[in-house]
There are 2 protein chains.
Amino acid sequence: MNIGEAGKLSGLSPDTIRFYEKRGLILSTKRDEKGHRYYAENDVGWLGMLACLRGTGMPLAETEAFTRLVQEGDHTVPERIKLLEGHRERLEQKRAELDRFEKHLDEKIAYYNDFVKTEEKKKAQ
Amino acid sequence: MNIGEAGKLSGLSPDTIRFYEKRGLILSTKRDEKGHRYYAENDVGWLGMLACLRGTGMPLAETEAFTRLVQEGDHTVPERIKLLEGHRERLEQKRAELDRFEKHLDEKIAYYNDFVKTEEKKKAQ
DNA sequence: TCTTGACCTAGAGTTGCTCCAACACCCTAT
DNA sequence: ATAGGGTGTTGGAGCAACTCTAGGTCAAGA
(Lines give C-alpha, C1' and ligand atoms only; values in the text may rest on other atoms or scores of the structure.)
Protein backbone atom coordinates (compact mmCIF):
# COMPACT_ATOMS: atom_id res chain seq x y z
CA MET A 1 0.00 0.00 0.00
CA ASN A 2 1.10 3.59 -0.60
CA ILE A 3 2.17 6.17 1.98
CA GLY A 4 -1.24 7.84 2.17
CA GLU A 5 -3.04 4.66 3.08
CA ALA A 6 -0.29 3.52 5.44
CA GLY A 7 -0.61 6.89 7.13
CA LYS A 8 -4.35 6.61 7.54
CA LEU A 9 -4.12 3.11 8.99
CA SER A 10 -1.26 3.86 11.35
CA GLY A 11 -2.24 7.32 12.52
CA LEU A 12 0.89 9.04 11.20
CA SER A 13 0.79 11.65 8.45
CA PRO A 14 2.77 10.98 5.25
CA ASP A 15 4.99 13.91 6.19
CA THR A 16 5.69 12.34 9.56
CA ILE A 17 6.44 8.96 7.99
CA ARG A 18 8.95 10.55 5.62
CA PHE A 19 10.45 12.51 8.49
CA TYR A 20 10.76 9.33 10.57
CA GLU A 21 12.36 7.60 7.61
CA LYS A 22 15.06 10.28 7.48
CA ARG A 23 15.65 9.71 11.17
CA GLY A 24 16.05 5.99 10.59
CA LEU A 25 12.85 4.95 12.38
CA ILE A 26 11.29 2.99 9.56
CA LEU A 27 12.29 -0.67 9.42
CA SER A 28 11.55 -1.21 5.76
CA THR A 29 10.85 1.27 3.00
CA LYS A 30 10.64 -0.17 -0.47
CA ARG A 31 9.94 1.81 -3.58
CA ASP A 32 8.01 0.89 -6.70
CA GLU A 33 9.26 1.61 -10.21
CA LYS A 34 8.00 5.23 -9.95
CA GLY A 35 10.03 5.84 -6.83
CA HIS A 36 6.92 5.81 -4.63
CA ARG A 37 7.14 4.22 -1.19
CA TYR A 38 4.99 1.21 -0.49
CA TYR A 39 4.30 -0.70 2.69
CA ALA A 40 3.16 -4.18 3.64
CA GLU A 41 0.80 -5.15 6.44
CA ASN A 42 3.47 -5.53 9.11
CA ASP A 43 5.24 -2.32 8.06
CA VAL A 44 1.99 -0.63 9.00
CA GLY A 45 2.09 -2.49 12.29
CA TRP A 46 5.47 -0.92 12.99
CA LEU A 47 4.17 2.53 12.00
CA GLY A 48 1.34 1.97 14.49
CA MET A 49 3.93 1.16 17.15
CA LEU A 50 5.73 4.42 16.33
CA ALA A 51 2.42 6.27 16.60
CA CYS A 52 1.89 4.64 19.99
CA LEU A 53 5.32 5.64 21.25
CA ARG A 54 4.84 9.18 19.99
CA GLY A 55 1.33 9.36 21.46
CA THR A 56 2.61 8.31 24.86
CA GLY A 57 5.30 10.97 24.76
CA MET A 58 8.47 9.01 24.10
CA PRO A 59 11.26 11.32 22.90
CA LEU A 60 12.44 10.64 19.35
CA ALA A 61 15.95 9.81 20.52
CA GLU A 62 14.56 7.00 22.66
CA THR A 63 12.33 5.78 19.85
CA GLU A 64 15.50 5.68 17.76
CA ALA A 65 17.22 3.58 20.40
CA PHE A 66 14.25 1.22 20.49
CA THR A 67 14.30 0.93 16.70
CA ARG A 68 17.96 0.04 16.74
CA LEU A 69 17.27 -2.72 19.27
CA VAL A 70 14.54 -4.10 17.04
CA GLN A 71 16.93 -4.07 14.09
CA GLU A 72 19.61 -5.90 16.03
CA GLY A 73 17.44 -8.97 16.39
CA ASP A 74 15.76 -11.18 18.94
CA HIS A 75 18.55 -11.17 21.50
CA THR A 76 17.70 -7.55 22.37
CA VAL A 77 14.19 -8.40 23.56
CA PRO A 78 15.09 -8.14 27.27
CA GLU A 79 16.54 -4.68 26.66
CA ARG A 80 13.43 -3.70 24.75
CA ILE A 81 11.31 -4.77 27.68
CA LYS A 82 13.39 -2.63 30.02
CA LEU A 83 13.09 0.37 27.74
CA LEU A 84 9.32 0.02 27.33
CA GLU A 85 8.77 -0.57 31.03
CA GLY A 86 10.73 2.55 31.88
CA HIS A 87 8.60 4.42 29.41
CA ARG A 88 5.46 2.94 30.93
CA GLU A 89 6.46 4.16 34.35
CA ARG A 90 6.99 7.72 33.18
CA LEU A 91 3.64 7.51 31.46
CA GLU A 92 2.05 6.55 34.75
CA GLN A 93 3.48 9.69 36.34
CA LYS A 94 2.35 11.86 33.47
CA ARG A 95 -1.12 10.45 33.84
CA ALA A 96 -1.20 11.22 37.56
CA GLU A 97 -0.17 14.78 36.78
CA LEU A 98 -2.82 15.00 34.11
CA ASP A 99 -5.40 13.89 36.66
CA ARG A 100 -4.38 16.70 38.98
CA PHE A 101 -4.55 19.25 36.18
CA GLU A 102 -7.93 18.00 35.06
CA LYS A 103 -9.25 18.35 38.58
CA HIS A 104 -7.85 21.87 38.73
CA LEU A 105 -9.57 22.66 35.44
CA ASP A 106 -12.88 21.26 36.64
CA GLU A 107 -12.68 23.29 39.81
CA LYS A 108 -12.09 26.43 37.79
CA ILE A 109 -15.09 25.70 35.59
CA ALA A 110 -17.22 24.99 38.67
CA TYR A 111 -16.04 28.23 40.21
CA TYR A 112 -17.01 30.18 37.09
CA ASN A 113 -20.39 28.48 36.91
CA ASP A 114 -21.04 29.41 40.52
CA PHE A 115 -20.02 32.95 39.75
CA VAL A 116 -22.52 33.20 36.90
CA LYS A 117 -25.29 31.73 39.04
CA THR A 118 -24.62 34.23 41.81
CA GLU A 119 -24.64 37.09 39.31
CA GLU A 120 -28.02 35.94 37.98
CA LYS A 121 -29.44 35.84 41.47
CA LYS A 122 -28.25 39.37 42.12
CA LYS A 123 -29.94 40.60 38.98
CA ALA A 124 -33.17 38.82 39.85
CA GLN A 125 -33.45 40.69 43.11
CA MET B 1 8.28 36.39 46.32
CA ASN B 2 10.89 36.18 43.58
CA ILE B 3 10.67 34.37 40.25
CA GLY B 4 12.52 31.28 41.46
CA GLU B 5 10.13 30.65 44.31
CA ALA B 6 7.09 31.49 42.20
CA GLY B 7 8.33 28.99 39.67
CA LYS B 8 8.75 26.27 42.25
CA LEU B 9 5.29 26.82 43.67
CA SER B 10 3.51 27.04 40.33
CA GLY B 11 5.35 24.37 38.40
CA LEU B 12 6.72 26.70 35.73
CA SER B 13 10.43 27.36 35.26
CA PRO B 14 11.66 30.95 35.60
CA ASP B 15 12.52 30.85 31.89
CA THR B 16 8.99 29.84 31.05
CA ILE B 17 7.54 32.58 33.24
CA ARG B 18 9.66 35.20 31.49
CA PHE B 19 8.72 33.74 28.13
CA TYR B 20 5.02 33.85 29.07
CA GLU B 21 5.43 37.42 30.22
CA LYS B 22 6.73 38.42 26.78
CA ARG B 23 3.71 36.74 25.27
CA GLY B 24 1.40 38.73 27.52
CA LEU B 25 0.23 35.80 29.64
CA ILE B 26 1.17 37.19 33.02
CA LEU B 27 -1.51 39.30 34.66
CA SER B 28 0.78 41.28 36.92
CA THR B 29 4.53 41.58 36.96
CA LYS B 30 5.93 44.11 39.35
CA ARG B 31 9.60 44.81 39.83
CA ASP B 32 11.55 45.74 42.92
CA GLU B 33 14.14 48.51 43.01
CA LYS B 34 16.76 46.15 41.49
CA GLY B 35 14.58 45.39 38.52
CA HIS B 36 13.81 41.89 39.81
CA ARG B 37 10.31 40.49 39.31
CA TYR B 38 8.25 39.72 42.37
CA TYR B 39 4.94 37.97 42.77
CA ALA B 40 2.12 37.89 45.32
CA GLU B 41 0.11 34.87 46.43
CA ASN B 42 -2.59 35.19 43.80
CA ASP B 43 -0.08 35.88 41.03
CA VAL B 44 1.23 32.42 41.83
CA GLY B 45 -2.34 31.14 41.60
CA TRP B 46 -2.50 32.47 38.06
CA LEU B 47 0.86 30.90 37.22
CA GLY B 48 -0.55 27.62 38.50
CA MET B 49 -3.52 28.08 36.18
CA LEU B 50 -1.13 28.61 33.26
CA ALA B 51 0.75 25.46 34.27
CA CYS B 52 -2.57 23.62 34.31
CA LEU B 53 -3.55 24.84 30.85
CA ARG B 54 -0.13 23.97 29.49
CA GLY B 55 -0.15 20.58 31.19
CA THR B 56 -3.49 19.75 29.64
CA GLY B 57 -2.23 20.67 26.20
CA MET B 58 -3.86 24.01 25.52
CA PRO B 59 -2.09 25.83 22.66
CA LEU B 60 -0.44 29.07 23.68
CA ALA B 61 -2.63 31.10 21.32
CA GLU B 62 -5.71 29.86 23.16
CA THR B 63 -4.12 30.52 26.54
CA GLU B 64 -3.53 34.04 25.27
CA ALA B 65 -7.19 34.37 24.35
CA PHE B 66 -8.17 33.15 27.80
CA THR B 67 -5.81 35.62 29.45
CA ARG B 68 -7.35 38.46 27.47
CA LEU B 69 -10.81 37.44 28.65
CA VAL B 70 -9.61 37.43 32.25
CA GLN B 71 -8.14 40.90 31.77
CA GLU B 72 -11.37 42.25 30.31
CA GLY B 73 -13.24 41.66 33.52
CA ASP B 74 -16.13 39.75 35.02
CA HIS B 75 -18.51 40.10 32.09
CA THR B 76 -16.38 37.61 30.11
CA VAL B 77 -16.95 34.78 32.57
CA PRO B 78 -19.51 32.99 30.33
CA GLU B 79 -17.03 33.09 27.45
CA ARG B 80 -14.31 31.77 29.71
CA ILE B 81 -16.56 28.87 30.66
CA LYS B 82 -17.14 28.08 26.99
CA LEU B 83 -13.43 28.16 26.27
CA LEU B 84 -12.51 25.95 29.20
CA GLU B 85 -15.32 23.48 28.49
CA GLY B 86 -14.19 23.17 24.89
CA HIS B 87 -10.71 22.51 26.18
CA ARG B 88 -12.04 19.95 28.63
CA GLU B 89 -13.75 18.08 25.85
CA ARG B 90 -10.61 17.86 23.74
CA LEU B 91 -8.79 16.67 26.85
CA GLU B 92 -11.32 13.88 27.21
CA GLN B 93 -10.56 12.73 23.69
CA LYS B 94 -6.84 12.94 24.24
CA ARG B 95 -7.25 10.82 27.33
CA ALA B 96 -9.23 8.19 25.44
CA GLU B 97 -6.47 8.06 22.84
CA LEU B 98 -3.87 7.78 25.57
CA ASP B 99 -5.79 4.82 27.01
CA ARG B 100 -5.65 3.05 23.65
CA PHE B 101 -1.94 3.73 23.31
CA GLU B 102 -1.24 2.54 26.82
CA LYS B 103 -3.10 -0.67 26.11
CA HIS B 104 -1.07 -1.11 22.92
CA LEU B 105 2.11 -0.56 24.90
CA ASP B 106 1.10 -3.08 27.56
CA GLU B 107 0.30 -5.65 24.90
CA LYS B 108 3.71 -5.16 23.37
CA ILE B 109 5.41 -5.61 26.72
CA ALA B 110 3.32 -8.73 27.39
CA TYR B 111 4.25 -10.07 23.97
CA TYR B 112 7.94 -9.53 24.65
CA ASN B 113 7.67 -11.15 28.07
CA ASP B 114 6.00 -14.16 26.51
CA PHE B 115 8.75 -14.29 23.94
CA VAL B 116 11.45 -14.37 26.59
CA LYS B 117 9.63 -17.06 28.54
CA THR B 118 9.32 -19.24 25.44
CA GLU B 119 13.01 -18.80 24.69
CA GLU B 120 13.91 -19.88 28.20
CA LYS B 121 11.79 -23.00 27.87
CA LYS B 122 13.52 -23.86 24.60
CA LYS B 123 16.92 -23.57 26.23
CA ALA B 124 15.84 -25.67 29.18
CA GLN B 125 14.97 -28.58 26.93
C1' DT C 1 38.19 40.23 48.66
C1' DC C 2 36.37 36.88 46.18
C1' DT C 3 33.32 33.69 44.84
C1' DT C 4 28.78 31.74 44.92
C1' DG C 5 24.20 32.21 43.67
C1' DA C 6 20.03 34.44 42.18
C1' DC C 7 18.40 37.68 39.19
C1' DC C 8 18.46 40.45 34.49
C1' DT C 9 18.49 40.80 28.94
C1' DA C 10 18.68 39.54 24.08
C1' DG C 11 19.09 36.14 21.25
C1' DA C 12 20.53 31.41 19.66
C1' DG C 13 19.42 26.50 19.72
C1' DT C 14 16.29 22.37 20.17
C1' DT C 15 12.50 19.16 19.33
C1' DG C 16 9.24 17.36 16.46
C1' DC C 17 6.89 18.09 13.33
C1' DT C 18 4.26 20.68 9.30
C1' DC C 19 4.04 23.16 5.28
C1' DC C 20 5.75 24.83 0.79
C1' DA C 21 7.48 25.03 -3.93
C1' DA C 22 8.38 22.71 -7.82
C1' DC C 23 8.19 18.76 -10.14
C1' DA C 24 6.36 13.76 -11.98
C1' DC C 25 2.79 10.74 -12.99
C1' DC C 26 -1.89 8.90 -13.93
C1' DC C 27 -6.91 9.35 -14.64
C1' DT C 28 -10.94 11.52 -16.38
C1' DA C 29 -13.62 14.93 -18.76
C1' DT C 30 -13.94 18.27 -22.59
C1' DA D 1 -5.01 16.31 -27.13
C1' DT D 2 -5.05 18.74 -23.29
C1' DA D 3 -6.55 20.61 -18.94
C1' DG D 4 -7.53 19.64 -14.27
C1' DG D 5 -7.34 16.95 -10.08
C1' DG D 6 -5.28 13.82 -7.11
C1' DT D 7 -1.50 11.18 -5.68
C1' DG D 8 3.33 10.86 -5.06
C1' DT D 9 8.59 12.85 -4.88
C1' DT D 10 12.43 16.21 -2.95
C1' DG D 11 14.86 19.80 -0.22
C1' DG D 12 14.29 23.18 2.65
C1' DA D 13 11.66 26.84 5.18
C1' DG D 14 8.55 27.75 9.01
C1' DC D 15 6.44 26.97 13.40
C1' DA D 16 5.27 26.03 18.50
C1' DA D 17 6.90 26.14 22.83
C1' DC D 18 10.17 26.16 25.18
C1' DT D 19 15.30 25.89 26.86
C1' DC D 20 19.79 27.32 27.06
C1' DT D 21 23.77 30.59 26.64
C1' DA D 22 26.50 34.69 27.07
C1' DG D 23 27.35 38.52 29.36
C1' DG D 24 25.96 41.51 32.92
C1' DT D 25 24.29 43.37 38.02
C1' DC D 26 23.97 42.86 42.78
C1' DA D 27 24.04 40.97 47.84
C1' DA D 28 25.65 37.76 51.15
C1' DG D 29 28.93 34.45 53.18
C1' DA D 30 33.99 32.28 53.89
Side-chain angles (χ1 to χ4, degrees), chain A residues 1-26 28-40 43-44 46-67 87 90-91 94 97-98 101, chain B residues 1-26 28-40 43-44 46-67 87 90-91 94 97-98 101:
Chain A
M1 95 192 49
N2 62 22
I3 198 170
E5 241 175 307
K8 243 168 250 167
L9 289 184
S10 66
L12 298 174
S13 78
D15 268 328
T16 301
I17 294 174
R18 285 188 282 256
F19 169 69
Y20 280 2
E21 192 186 311
K22 271 184 210 162
R23 295 284 303 257
L25 298 180
I26 307 297
S28 138
T29 312
K30 285 164 192 152
R31 305 292 187 111
D32 64 15
E33 69 286 347
K34 292 170 227 152
H36 291 195
R37 293 165 180 83
Y38 67 90
Y39 302 92
D43 296 332
V44 174
W46 175 247
L47 294 179
M49 184 69 203
L50 291 178
C52 167
L53 296 178
R54 170 176 81 166
T56 50
M58 180 180 283
L60 233 57
E62 203 170 318
T63 308
E64 265 175 50
F66 182 66
T67 305
H87 179 53
R90 274 184 323 198
L91 188 54
K94 245 188 60 182
E97 196 193 46
L98 194 62
F101 282 144
Chain B
M1 98 193 44
N2 63 21
I3 197 169
E5 241 175 306
K8 244 169 252 169
L9 290 184
S10 66
L12 297 173
S13 76
D15 268 329
T16 300
I17 295 174
R18 285 189 281 257
F19 169 70
Y20 280 2
E21 192 187 310
K22 273 187 207 157
R23 294 284 303 259
L25 296 180
I26 307 296
S28 137
T29 313
K30 285 164 189 151
R31 306 290 189 112
D32 64 15
E33 68 287 343
K34 293 172 228 151
H36 291 194
R37 294 165 180 81
Y38 67 90
Y39 303 91
D43 297 331
V44 174
W46 175 247
L47 294 179
M49 185 70 203
L50 291 177
C52 167
L53 296 178
R54 171 176 81 165
T56 50
M58 181 181 283
L60 232 59
E62 203 170 319
T63 308
E64 264 175 51
F66 182 67
T67 306
H87 179 55
R90 272 184 324 198
L91 187 55
K94 244 188 61 183
E97 197 192 45
L98 194 63
F101 282 142

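Every heavy atom of this structure was used, including side-chain atoms; hydrogens, water molecules and symmetry mates were not. All chains are named by letter (A, B, ...) in the order of the sequence lines, taking the proteins before the strands, and each is independently numbered beginning at 1.
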Exercise. Indicate yes or no: at least one non-hydrogen side-chain atom of A:L91 is less than 4.5 angstrom from one of B:L98.
Key: yes
Every protein N/O lying under 3.5 Å from an N/O of nucleotides 11-17 of chain D:
from   : atom 1 : to    : atom 2 : distance (Å)
D:dA17 : OP1    : B:L60 : N      : 2.9
D:dA17 : OP2    : B:L60 : N      : 3.3

Practice problem: Can you figure out which of C:dC8, D:dT9, C:dT18 approaches the side chain of A:T16 most closely? | Solution: C:dT18
Self-check item: Atom-pair distance (NZ on A:K30; P on D:dT9), nearest Å
Solution: 16 Å
Practice problem: Could you state the atom-to-atom distance from NZ of B:K8 to C1' of C:dA6 in whole Å? | Solution: 10 Å
Quiz item: Which whole-number value in Å describes the distance from B:I17 CD1 to C:dC7 P?
Solution: 10 Å
Quiz item: Closest nucleotide of DNA chain C for A:K34 versus for B:E5: which of these residues is on the 5' side?
Solution: B:E5
Self-check item: For B:T29, side-chain hydrogen bond (donor to acceptor under 3.5 Å, both in side chains) partners two or more places apart
Solution: none
Practice problem: Mind checking salt bridge (Lys or Arg N to Asp or Glu O under 4.0 Å) for A:E62 and listing every partner two or more places apart, or none if nothing turns up? | Solution: A:R90
Quiz item: Within less than 4.0 Å of OP1 or OP2 of C:dC7, is there a side-chain N or O belonging to B:N2?
Solution: yes
Quiz item: Can you tell me how far P of C:dA6 sits from CZ of B:R18, to the nearest Å?
Solution: 12 Å
Practice problem: Starting at atom CD of B:E21, determine the distance to atom P of C:dC7, rounded to an integer number of angstrom. | Solution: 14 Å
Quiz prompt | C:dT9 phosphate, OP1 or OP2, under 4.0 Å from B:R31 side-chain N/O | solution = yes
Name the atoms and distances for all side-chain donor-acceptor pairs under 3.5 Å in residues 46-58 of chain A, with sequence neighbours left out.
from  : atom 1 : to    : atom 2 : distance (Å)
A:W46 : NE1    : A:L25 : O      : 2.7
A:R54 : NH2    : A:G11 : O      : 3.4
A:T56 : OG1    : A:C52 : O      : 2.7
A:T56 : OG1    : A:L53 : O      : 3.1
A:T56 : OG1    : A:H87 : NE2    : 2.7

Quiz item: What integer distance in Å separates B:L47:CG from D:dC18:C1'?
Solution: 16 Å
Practice problem: Can you tell me the distance, in whole Å, between the CG atom of B:L12 and the C1' atom of D:dC18? | Solution: 11 Å
Exercise. Give a yes/no answer on whether the side chain of B:R37 brings an N or O atom under 4.0 Å of OP1 or OP2 in C:dC7.
Key: no
Quiz prompt | Whole-Å distance separating the CD1 atom of A:I3 from the C1' atom of D:dT7 | solution = 11 Å
Quiz item: Shortest non-hydrogen contact from B:L60 to B:F19?
Solution: CD2-CE2, 3.7 Å
Quiz item: Looking at residues at least two apart in the chain, or sitting in another chain, which of them share a side-chain hydrogen bond (donor to acceptor under 3.5 Å, both in side chains) with A:T63?
Solution: none
Exercise. Could I get the full list of side chain to side chain contact (heavy atoms under 4.5 Å, CB included) partners for B:K94, not counting sequence neighbours?
Key: none
